[in-house]
Visitor: 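Dropping the structure in here first, questions after.
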There are 2 protein chains.
Amino acid sequence: MPASSSSPRPRARGPRRRLDLAQVVAAAIARVDAGGPEALSIRGVALDLGVMPNAIYTYVADRAELEREIVDALLSRVDLRLLDGPAADWRARLVRYSLALRTVLLAHPGAAVLFMSAPMTGAHALAVGEGLLAALVDAGLDDTAASRGEYLVFVYMLGSVALEIAETDGRPPLPPEPARIAARRAAFAGIDAATHPITARTTDVAAGWISGEQFAWGLERVLDGITAAR
Amino acid sequence: MPASSSSPRPRARGPRRRLDLAQVVAAAIARVDAGGPEALSIRGVALDLGVMPNAIYTYVADRAELEREIVDALLSRVDLRLLDGPAADWRARLVRYSLALRTVLLAHPGAAVLFMSAPMTGAHALAVGEGLLAALVDAGLDDTAASRGEYLVFVYMLGSVALEIAETDGRPPLPPEPARIAARRAAFAGIDAATHPITARTTDVAAGWISGEQFAWGLERVLDGITAAR
DNA sequence: ACCTGAACACCGTTCAAGT
DNA sequence: ACCTGAACACCGTTCAAGT
């Protein structure tokens with residue numbers, strides 16, 4: 001085992017040779033966490049790893065592939081076993097997995113945008129898809145409805161979180177939910193009730209669109225809709 | 001009226017002074033249409049308008065504001081009156097507006113990603129929101145359910161189109177839908193039935209996730225879910 | 001008010017060369 | 001196989017200056 005230095009270890013700088021893909025992806029996620037979405041760059045990752053920019057191309061073909069690897073890595077951080085369980089619990093399984101995915105994405109808001117660019121590739125996306133399908137089959141859907149429903153759930157989860165994060169600066173930790181809701185309520189203050197009457201009288205609800213409560217509510221409605229015609 | 005030159009007019013180059021915001025936004029959309037999402041740049045727009053890069057900052061504060069203007073401009077191209085109509089037709093109104101929005105976004109795929117970055121600002125977004133709310137109130141929902149439902153429909157429309165476009169190169173015209181479905185079916189060919197049994201037997205459905213038919217199906221399920229508990 | 005000129009601090013990517 | 005050195009063709013943005 002390595003001698004554990006008691007000195008405050010320097011932060012992953014220094015010329016450490018022999019990288020691997022996992023280190024590159026981890027450095028990229030750390031970079032986005034520190035500097036927000038626009039901090040992601042091949043050159044920046046190389047700098048953090050103490051390596052010349054083009055060394056990164058040993059591990060990814062281009063920036064787009066790095067982004068796909070980030071998506072797959074974050075997806076792997078959500079416990080797939082949350083989708084397991086008795087058939088009768090299909091709904092609870094889908095809900096708890098969705099909430100866990102949302103939590104992981106909110107913890108890495110700068111990377112969440114990437115999920116709207118190429119989410120369906122990657123080994124982990126395939127595994128998540130199979131898990132969603134299994135839950136929907138357990139709900140009593142036929143194969144066609146389960147597959148269509150799977151995509152609808154995907155669209156809901158990813159779209160919802162992306163829009164929620166779009167209103168932030170993408171740098172964790174995000175302000176607590178009550179603060180973000182309060183900021184939205186303030187922004188809605190100037191709505192003209194003459195031209196937008198319904199919007200004007202529902203600003204309190206709209207302020208909470210980015211809440212976990214709305215996320216759960218929307219998911220339940222989606223699941224209602226998918227299973228209504230069973 | 002201006003003398004109409006019969007010569008094949010040169011393409012918007014040349015030193016035309018006195019720009020305005022509309023020209024800048026139009027040039028930006030044209031640029032994304034021609035070169036895909038990564039072709040969008042302040043410098044590129046300036047080049048197309050025959051102006052120095054920093055001249056653009058007379059009309060937008062930064063790149064992010066240009067992107068918001070693009071979103072608002074595209075939103076304005078979808079006829080809001082599609083949301084008007086008899087209360088009993090609330091469902092048809094929502095469906096035809098959604099389909100029209102999808103059509104506009106698919107015609108400008110490189111710009112569609114921007115809708116996931118800051119869609120709820122802008123004057124046109126507000127007007128669309130009021131229209132969605134009116135349709136949902138006509139559906140018999142109370143104010144709270146209508147507002148929550150409005151956001152769910154927004155998430156669905158924008159998330160759906162964004163994921164669909166994520167699989168393309170973002171340059172119009174996109175390949176026709178049957179070709180895109182066939183390409184997806186081919187990509188699904190290698191699925192391992194042992195590890196992903198349900199996925200493997202539903203690849204034909206999954207190939208069609210990006211179809212207009214799935215889009216309409218998903219919207220109907222969302223509307224079912226929203227109105228189920230009325 | 002609106003534009004130019006010039007600069008600063010960045011990008012992604014490629015190629016040849018070293019080990 | 002994996003990295004460096006050096007270059008190419010780009011970025012967004014700022015500042016001072018001109019009209």
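Here is the naming used below: chain letters follow the sequence lines, and residue numbers restart at 1 for every chain. We use all heavy atoms of the structure for the numbers below, so side chains are in, but hydrogens, waters and symmetry mates are not.
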Visitor: Can you check side chain to side chain contact (heavy atoms under 4.5 Å, CB included) on Arg77(B) and Ile29(B), steps first, answer last?
Guide: CA-CA 12 Å; Arg77(B) 296 192 191 179; Ile29(B) 293 175; 3.7 Å; yes
Visitor: One character per nucleotide, please: for nucleotides 8-19 of chain C, 5' to 3', B when the base has a protein heavy atom closer than 4.0 Å, S when only the sugar-phosphate does, - otherwise.
Guide: ---BBBBB----
Visitor: Can you check the Leu21(B) CG to dC2(C) P distance for me, whole Å?
Guide: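 In whole Å, dC2(C) P lies 12 Å from Leu21(B) CG.
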Visitor: Could you tell me whether the side chain of Ser211(A) and the main chain of Gln214(A) form a donor-acceptor pair under 3.5 Å?
Guide: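 Indeed, once roles are kept as given, a pair shorter than 3.5 Å links the two residues.
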Visitor: Between the main-chain N or O of Pro53(B) and the side-chain N or O of Arg43(B), is there a donor-acceptor pair closer than 3.5 Å?
Guide: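 Flag not set: sc Arg43(B) to bb Pro53(B) has no pair under 3.5 Å.
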Visitor: Any side-chain to backbone donor/acceptor pair from Arg185(A) onto Ala207(A)? Under 3.5 Å, distance only.
Guide: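 Judged by distance alone, no pair lies under 3.5 Å.
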Visitor: Please tell me which of the listed nucleotides, dT4(D), dT4(C), dC2(C), lies nearest to the side chain of Arg18(B)?
Guide: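 When the side chain of Arg18(B) is considered, dC2(C) is the closest of dT4(D), dT4(C), dC2(C).
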Visitor: How many Å lie between CE on Met52(A) and P on dT4(D), as a whole number?
Guide: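 So the CE-P distance, Met52(A) to dT4(D), works out to 6 Å.
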Visitor: Considering only the P atoms, how many Å lie between dA9(C) and dA9(D), rounded to the nearest integer?
Guide: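 Comparing P positions in dA9(C) and dA9(D) gives a spacing of 23 Å.
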Visitor: Just to be sure I follow the notation: if a pair is Watson-Crick (purine N1 to pyrimidine N3 plus N6-O4 or O6-N4) or a G-U wobble (N1-O2 and O6-N3), each under 3.5 Å, what dot-bracket string does DNA chain C give, with | for pairs to another strand?
Guide: ||.|||||...|||||.||
Visitor: Has Arg148(B) got a side-chain atom pairing as donor or acceptor with Gly218(A)'s backbone, closer than 3.5 angstrom?
Guide: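 No.
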Visitor: Atom CG of Leu19(A) to atom P of dC2(D): distance rounded to whole Å?
Guide: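 Answer to the nearest Å: 10 Å.
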Visitor: Over 60° means perpendicular and under 30° means parallel, so classify the ring planes of Trp209(A) and Tyr151(B), tilted if in between.
Guide: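 Tyr151(B) vs Trp209(A) ring planes: parallel.
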Visitor: Can you name the ring-ring contact (aromatic ring centres under 6.0 Å, His included) partners of Tyr97(A), sequence neighbours left out?
Guide: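 Result, ring-ring contact (aromatic ring centres under 6.0 Å, His included) vs Tyr97(A): none returned.
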Visitor: So, Ser160(A) side chain and Met157(A) main chain: donor-acceptor pair closer than 3.5 Å or not?
Guide: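 Checking the backbone N and O of Met157(A) against the side chain of Ser160(A), no donor-acceptor pair under 3.5 Å is found.
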